[in-house]
Every structure is written in structure tokens, then in C-alpha cells.
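Numbered from 1 within each chain, the chains take letters A, B, ... in sequence-line order.
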There are 2 protein chains.
Amino acid sequence: MHNCTTHSDCIAEALQRAEDICDARGLRFTDVRRKVLELVWQSHGPIKAYDILDQLDQRIASIKPPTVYRALDFLTENGLVHKINSLNAFVGCGHPLKHRECYFLICSDCGEAKECCNLDIVDAVAKTSWRNQFEIKNVTLEITGECSDCRGVH
Amino acid sequence: MHNCTTHSDCIAEALQRAEDICDARGLRFTDVRRKVLELVWQSHGPIKAYDILDQLDQRIASIKPPTVYRALDFLTENGLVHKINSLNAFVGCGHPLKHRECYFLICSDCGEAKECCNLDIVDAVAKTSWRNQFEIKNVTLEITGECSDCRGVH
DNA sequence: AACGTAAATGTTATATTATAACATAACCAT
DNA sequence: ATGGTTATGTTATAATATAACATTTACGTT
Ligand SMILES: [Zn+2]
Ligand SMILES: [Zn+2]
Ligand SMILES: [Zn+2]
Ligand SMILES: [Zn+2]
């Protein structure tokens, strides 16, 4: 499902990126936020808030829903994590500094959510918003279907 | 927020369209389904499942959540209603026969969700899926922001 | 009409997702 | 150290959605 060479490195890099971004912006990358982000990356795919909660519970007793949701809010607001509304799940952003209007290819078979960027889509969305005199705050584009792996395409 | 000339006509037309579509497809447009669709159109914007439930309760006692969700599932599966995942709400489809890949311009101020179609977007989405050898089942595109009315644009 | 079946709805209970409200603790600038 | 701000702890509950099984309804076949 994921093809990073060494997943522990992949997690470590994401955490380091997050720390650097928070430092640069004067934000506090607290222990709770770090642990939540770590679990998001550990899953290497969309993960649900209560699954994060369960996994935290095994390490730290007394973690409650508001704590997890607050951390996810922080991470989402700062572009380190994206919420996938059609799944009620959260996924780490692979390029938090470059992220503009990306979209997800979500495989309903294996569960992978691949984040992609595409200028044609960004352009088309921008143009159509402009034509409607609509001021964009946020764009959610979730494409559900079957990925090449699950289709057996080579 | 909505600019149909006579809203009762607008609702009646939507119900008639739905009935015709169900007839043509051999589907049963039952009383529950009709009433749910009527309430969706009455709101003339995204409405939540439990708000539908509350309004039905005033007319018919003993309507319970599963009844509403089943009706919404039926209406959604048959393209008469769309779910807006970022709002956990449902909205009537304005063109259930022509509907392909549409998107919503959702005003976070007045709550309007305008359904639009745009071939450039459809194309760009199709192309990028093709490049990823991804087989599309469903596309969700929700653009949140501020509409022209709320921005005071003329 | 009576029967059999499938689809729809009723009903009870519960699962899942998310937030309100207030108390305490940690952090940081002065 | 003091006071203000931000983050977390804590308790409770709100909001969204489904599982499981019982009953009713629709409808074609006999
Ligand atoms: Zn991203
Ligand atoms: Zn897959
Ligand atoms: Zn539509
Ligand atoms: Zn508006």
C-alpha cells in the first residue's frame, strides 16, 4: 500500500519537517501534537481520530477525545495534516510547504489516499470560482475509486 | 439566498422530476422518500439528517433515524440528492438526469451550496485519474468560501 | 382471492464522530 | 515572581450514523 523505502525514516522525516515548520512560524510543536502526528504518519494512510485515541491510550492513559481533536485541529490548520471528509479520517501532508490545492485519489479497496497536485485542476477551479465571483477559502477534492495496484494494472 | 421565482413551484417540480425518474427506472418513490425529498427541497440548501427528522416528527410521530437515513441513501444512490461531506448535509440535485461530475460552491457565510458543472474540471480530473491508472467511482469537489452576494459584489 | 417473496419501514439499541464548558498546568514576557 | 496567554486535563454531552431484528407493504404468481 505504501512504497517508502524505510517507513521509520519516512515518519522521522515528517516529524522533523513539522518541527522545522513550527519553529519557523513560532508555533509550539508540543508532545501531544508530535505524538498525534507520529501516529498519523505511522498509519501511512487515512486514520480515524478514535483510532489515534486508542493507540495513544496504550502509551498514555487519560488521553481523551478533546485532546486528540485539538491536536488534529492544530495540525490541520497548519497544513501538516489533511482531513478527508468522505472518510472522516486524517492523513499526513507529504509536502506541507508546497501544498496548494491538491486532491486525493482514494482507493476504496486498499484504503490508500494518494495526494496529488495538478495545475490544470487548480486552474479550472480558480477560473470557475472567479466566474462566479466566489472567493475561495478551501477546496476539497476527493476522488474515490480503485487504484492501479488493486486493479492489477502494470 | 435562493432566487427561484416561486419556491413552492420549485419544490413541486423537483418532486415531479423525481417521480418521473423513479417511474422510468422501476423504482418506488414511496411516501417516506417523497417527504424526505420534499424537506430537502424546502430547505433549498444543505439540510442535516436530524433536521429532516425533526421536521418529519412534527408531521408524523415515530419517524426514527434509520428511516431518514435509508431514504437519504435511496435518494443519493439515485442521484436525486447529493451529500456534502464537509457539512454532513444533504442537498437536492438540480439536474438529476444531466448530472455528471459537478462541484459545489459553498458559502460559509449564508450557507448556500451552488451546484455547478464545468467541463474543464471534469476533463482535468479524468486526465489525472487516467495518468494514475485510477478508476473513478465517485468525485467529491467542495469549494468553500464567500459567495458574491455575501461579498457585496455586483 | 390467497400465497409467497422481496422490498420497505418500524423499532430498539448502540456505535461513531465531535464539541461544550470549565479546571488546571505549562509557557513566556516583563 | 507576576500575570497573561496558550495548551492540556476532565467531565459530560451533542451530533451523526448504523446494526440487528420485527413487521408491514407491494406485487407478481398461483
Ligand atoms: Zn497537502
Ligand atoms: Zn488500492
Ligand atoms: Zn447534481
Ligand atoms: Zn453567501
Quiz item: Are any side-chain N or O atoms of B:Thr128 and backbone N or O atoms of B:Val125, one a donor and one an acceptor, separated by less than 3.5 Å?
Solution: no
Quiz prompt | Integer-rounded Å distance: C:dT17 C1' and A:Lys64 NZ | solution = 17 Å
Quiz item: By centroid distance (under 5.5 Å) and plane angle (under 30°), are B:Tyr50 and D:dT16 in a stacked arrangement?
Solution: yes
Quiz item: Could you give the CZ-to-C1' distance, from B:Arg28 to C:dA7, as a whole number of Å?
Solution: 6 Å
Exercise. May I have the distance from A:Glu77 (atom CD) to D:dA7 (atom P), rounded to whole angstrom?
Key: 10 Å
Quiz item: Side chain of B:Pro65: nearest nucleotide among C:dA18, D:dA7, D:dA17?
Solution: D:dA17
Quiz item: Quick one: which of C:dT12, C:dA18, C:dA21 gets closest to the side chain of A:Tyr69?
Solution: C:dA18
Quiz prompt | A:Leu56: which of A:Leu53, A:Asp54, A:Ile52 passes side-chain contact (heavy atoms from CB on, under 4.5 Å) | solution = A:Ile52
Quiz item: Which one, C:dA18, C:dT11, C:dT9, comes nearest to the side chain of B:Pro66?
Solution: C:dT11
Quiz item: When the distance from CZ of B:Arg70 to C1' of D:dA20 is rounded to whole Å, what number comes out?
Solution: 10 Å
Quiz prompt | Phosphate-side-chain proximity, B:Thr30 and D:dT25, N/O vs OP1/OP2 below 4.0 Å | solution = no
Exercise. Check the hydrophobic clustering (I, L, V, M, F, W, Y; side-chain heavy atoms under 4.5 Å; chains of links allowed) and say if A:Val36 and A:Ile11 are grouped together.
Key: yes
Quiz item: Does B:Lys48 make a side-chain N or O approach to OP1 or OP2 of D:dA15 shorter than 4.0 Å?
Solution: no
Exercise. Round to a whole Å and report the spacing from CG of A:Leu53 to P of D:dT11.
Key: 15 Å
Quiz item: Rounded to whole angstroms, how far apart are CG on A:Asn78 and P on D:dT6?
Solution: 14 Å
Self-check item: Cation over ring face, B:Arg34 and B:Phe29, 6.0 Å, 45°
Solution: no
Self-check item: Whole-Å gap separating P (C:dT17) and CG (A:Leu72)
Solution: 13 Å
Quiz item: Applying the 4.5 Å side-chain criterion to the ILVMFWY set and letting contacts propagate, would B:Ile47 and B:Ile84 be lumped into a single cluster?
Solution: no
Quiz item: Roughly how many Å is it from CZ in B:Phe74 to P in C:dA7, rounded to a whole number?
Solution: 13 Å
Quiz item: Hey, is the side chain of A:Thr67 poking within less than 4.0 Å of OP1 or OP2 on D:dG9, counting only N and O atoms?
Solution: yes
Exercise. Just compare C:dG10, C:dA18, D:dA17 and give me whichever is closest to any side-chain atom of A:Asn88.
Key: C:dA18
